[in-house]
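For the numbers below, each heavy atom of this structure counts, side chains included, while hydrogens, waters and symmetry mates do not.
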Amino acid sequence: MGDEKSLQQIAEELQLTVGLLVRRMRVASAEGGVTLSQSSVLKRLGRDGAHTATELARAERVRPQSVIATVNALQADGYVERTAHPTDGRRQLIALTGKGRTFLARREEAGHGLIVQRLADRLTPAQLDALVEALPALHRLAED
């Protein structure tokens, strides 16, 4: 790589930078005392629709017991509801309520608003172009 940074240095800087950005977004979108695991479940339900607890556990890569505790807390706060599975009476589907959808919309607006403002205020047009060029590579890093 010559004078360029080593892969180790790139990894360290990327981890630090992404971590800082995520923390700033969390602060900007903090609302309702929702934990990170609860937020992750809400986002998944908002993006993918209703799931069973088993499906959520698999998608979130956690134990079913952990998902059930998370869903119980979200249901107690009115963010999700359980309904009978249409084809398997032993299972239940977990879906967002109106309150859950409103929470997600507000949180997304706050987080995206912060990024939009920082993009406009802090990056030059050339830096924005470079970021757009890097996005597919960042997606590849994040994929399974």
Side-chain angles (χ1 to χ4, degrees), residues 5-144:
K5 295 181 181 194
S6 71
L7 290 177
Q8 180 68 32
Q9 290 170 317
I10 293 169
E12 288 172 6
E13 285 191 36
L14 181 61
Q15 185 176 15
L16 174 67
T17 302
V18 169
L20 286 170
L21 186 57
V22 167
R23 283 190 293 282
R24 291 207 190 282
M25 288 178 60
R26 282 187 194 141
V27 168
S29 63
E31 179 187 327
V34 173
T35 67
L36 290 177
S37 59
Q38 291 170 344
S39 179
S40 182
V41 166
L42 289 172
K43 287 177 186 176
R44 183 168 303 282
L45 292 172
R47 183 181 61 240
D48 300 338
H51 282 62
T52 65
T54 302
E55 292 166 342
L56 279 173
R58 190 176 309 117
E60 294 291 312
R61 293 188 169 94
V62 297
R63 296 176 321 179
Q65 298 88 339
S66 297
V67 162
I68 290 168
T70 298
V71 169
N72 287 343
L74 290 169
Q75 185 173 14
D77 289 339
Y79 292 119
V80 300
E81 62 187 353
R82 288 179 167 106
T83 58
H85 192 281
T87 60
D88 186 345
R90 298 168 295 164
R91 300 189 305 164
Q92 294 182 320
L93 288 176
I94 302 154
L96 290 177
T97 61
K99 181 179 179 180
R101 282 188 291 281
T102 299
F103 171 82
L104 276 181
R106 285 185 182 152
R107 191 165 202 167
E108 184 175 303
E109 183 178 304
H112 287 171
L114 172 73
I115 292 175
V116 167
Q117 191 64 48
R118 285 179 177 257
L119 289 170
D121 292 347
R122 297 180 181 206
L123 298 184
T124 66
Q127 289 171 323
L128 283 171
D129 289 343
L131 183 58
V132 168
E133 291 282 326
L135 287 174
L138 291 171
H139 279 285
R140 284 197 64 194
L141 287 175
E143 291 174 348
D144 285 335

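To the nearest 0.5 angstrom, Ile94 atom CD1 is 11.0 Å from His85 atom NE2. Separation of atoms OG (Ser39) and CZ (Phe103) is listed at 5.5 Å; rounding is to 0.5 Å. In this structure, NZ on Lys43 lies 6.0 Å from CZ on Arg107, to the nearest 0.5 angstrom. Distance OG1/Thr70 to CD/Glu60: 8.5 Å, rounded to 0.5 Å.
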Worksheet item: Checking side-chain contact (heavy atoms from CB on, under 4.5 Å) for the pair Leu56/Leu45: CA distance, chi angles, key distance, verdict?
Response: CA-CA 9 Å; Leu56 279 173; Leu45 292 172; 4.0 Å; yes
Discussion item. Could you walk me through whether Val71 and Arg82 satisfy the side-chain contact (heavy atoms from CB on, under 4.5 Å) test, starting with their C-alpha distance in whole Å, then the side-chain angles of each, then the deciding distance to 0.1 Å, before giving a yes or no?
Written reply: CA-CA 9 Å; Val71 169; Arg82 288 179 167 106; 3.3 Å; yes
Practice prompt. Just do the side-chain contact (heavy atoms from CB on, under 4.5 Å) check on Ile115 and Leu119 with the steps written out, would you?
Written response: CA-CA 6 Å; Ile115 292 175; Leu119 289 170; 3.8 Å; yes
Item to complete: Quick one: do Thr52 and Leu93 satisfy side-chain contact (heavy atoms from CB on, under 4.5 Å)? Show the steps, please.
Response: CA-CA 5 Å; Thr52 65; Leu93 288 176; 3.9 Å; yes
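Of all heavy-atom pairs between Ala50 and Ala95, the closest is CB-CB, 3.9 Å. Annotation for Leu123 and Gln127: closest pair CA-OE1, 3.3 Å, computed over non-hydrogen atoms. Ala73 and Gln38 make their closest contact through CB-NE2, 3.1 Å (heavy atoms, listed as atom of the first residue, atom of the second, distance). Nearest approach of Val67 to Ala53, heavy atoms of both residues: CG1-O, 3.8 Å. Nearest heavy-atom pair, Arg118 versus Arg122, reported as atom, atom and distance to 0.1 Å: NH1-NH1, 2.7 Å.
For the pair Arg58/Thr54, a side-chain contact is recorded, criterion being any heavy-atom separation below 4.5 Å from C-beta on. Side-chain atoms of Leu141 and Leu14, non-hydrogen and from C-beta on, do get closer than 4.5 Å to each other.
No more than 12 heavy atoms of other residues, nucleotides or ligands sit less than 6.0 Å from atom CD of Glu133. More than 12 heavy-atom neighbours from other residues, nucleotides or ligands sit within 6.0 angstrom of CZ on Arg47.
Defined by atom type and a distance below 3.5 Å, a donor-acceptor pair is present between the side-chain atoms of Gln8 and Glu12.
Judged purely by atom type and a 3.5 angstrom limit, Thr97 uses its side chain to pair as donor or acceptor with the backbone of Gly78.
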